[in-house]
Colleague: 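Can you read through this structure? Questions will come right after.
The figures here come from the full heavy-atom set of this structure, side chains too, leaving out hydrogens, waters and symmetry mates.
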Amino acid sequence: QVQLVESGGGLVQAGGSLGLSCAASGSGFSINTMGWYRQAPGKQRELVAIITDGRSANYADSVKGRFTISRDNAKNTVYLQMNSLKPEDTAIYYCNALLRRTWYGTYEAYWGQGTQVTVSS
């Protein structure tokens with residue numbers, strides 16, 4: 001089976017930095033697109049950043065210039081480097097991945113369990 005495991009969340013003061021990582025485990029797949037979403041209490045889940053298999057990145061306007069998404073295909077891992085953090089960045093951050101099954105050519109979407117990021121002022 002395929003699993004996505006996030007790590008790197010925690011508590012940080014405004015202006016600080018945190019790095020998140022998400023590793024996909026399993027076999028028989030390749031990763032098409034990976035991304036990060038976040039959800040704050042009482043708010044809808046929103047896209048933070050996505051990165052394609054060609055390493056083209058796209059960011060939400062609210063994080064552009066502060067966050068950087070990257071990936072290591074050999075490790076099946078996506079990263080999110082968060083700098084200049086603001087209290088409004090506080091949320092649960094979820095990793096997602098669109099996977100392609102190697103032998104069947106079908107696509108499946110997977111989500112991680114989420115990791116809490118809290119930014120204090």
Colleague: Return each pair, listed once, that meets salt bridge (charged side-chain N to carboxylate O under 4.0 Å, His left out) where at least one residue sits in residues 16-25; pairs must be two or more places apart or across chains.
Modeller: none

Colleague: Please collect all disulfide (SG to SG under 2.5 Å) contacts where either partner lies in residues 21-101, sequence neighbours excluded, each pair once.
Modeller: C22-C95

Colleague: In chain order, what residues pass the side-chain hydrogen bond (donor to acceptor under 3.5 Å, both in side chains) check against Q3, with sequence neighbours excluded?
Modeller: none

Colleague: Using links of under 4.5 Å between side-chain heavy atoms of ILVMFWY residues, direct or through other members, which residues join Y107 in one cluster?
Modeller: L98

Colleague: Which residues satisfy the ring-ring contact (aromatic ring centres under 6.0 Å, His included) test with Y79, sequence neighbours excluded?
Modeller: none

Colleague: Apply the hydrophobic cluster definition, ILVMFWY joined by side-chain contacts under 4.5 Å directly or through others, and give me every member besides I51.
Modeller: V2, L4, V12, L18, L20, F29, I31, M34, W36, V48, Y59, V63, F67, I69, V78, L80, M82, L85, Y93, L99, Y110, V117, V119

Colleague: Tell me, please, which residues at least two apart from S62 pass side chain to side chain contact (heavy atoms under 4.5 Å, CB included).
Modeller: R38, A60

Colleague: Please identify each residue that fulfils side chain to side chain contact (heavy atoms under 4.5 Å, CB included) with R45, with sequence neighbours left out.
Modeller: Y37, Q39, Y94, W111

Colleague: Please identify each residue that fulfils side chain to side chain contact (heavy atoms under 4.5 Å, CB included) with S84, with sequence neighbours left out.
Modeller: R66

Colleague: Sort and list the pairs that fulfil disulfide (SG to SG under 2.5 Å) and have at least one residue in residues 28-74, not counting sequence neighbours.
Modeller: none

Colleague: Please list, chain by chain and in numerical order, all residues satisfying side chain to side chain contact (heavy atoms under 4.5 Å, CB included) with Q116, sequence neighbours excluded.
Modeller: T90, I92, T118

Colleague: Scan residues 15-31 for pairs that pass side chain to side chain donor-acceptor pair (under 3.5 Å), counting only residues two or more places apart or in two chains.
Modeller: S7-S21, S17-N83

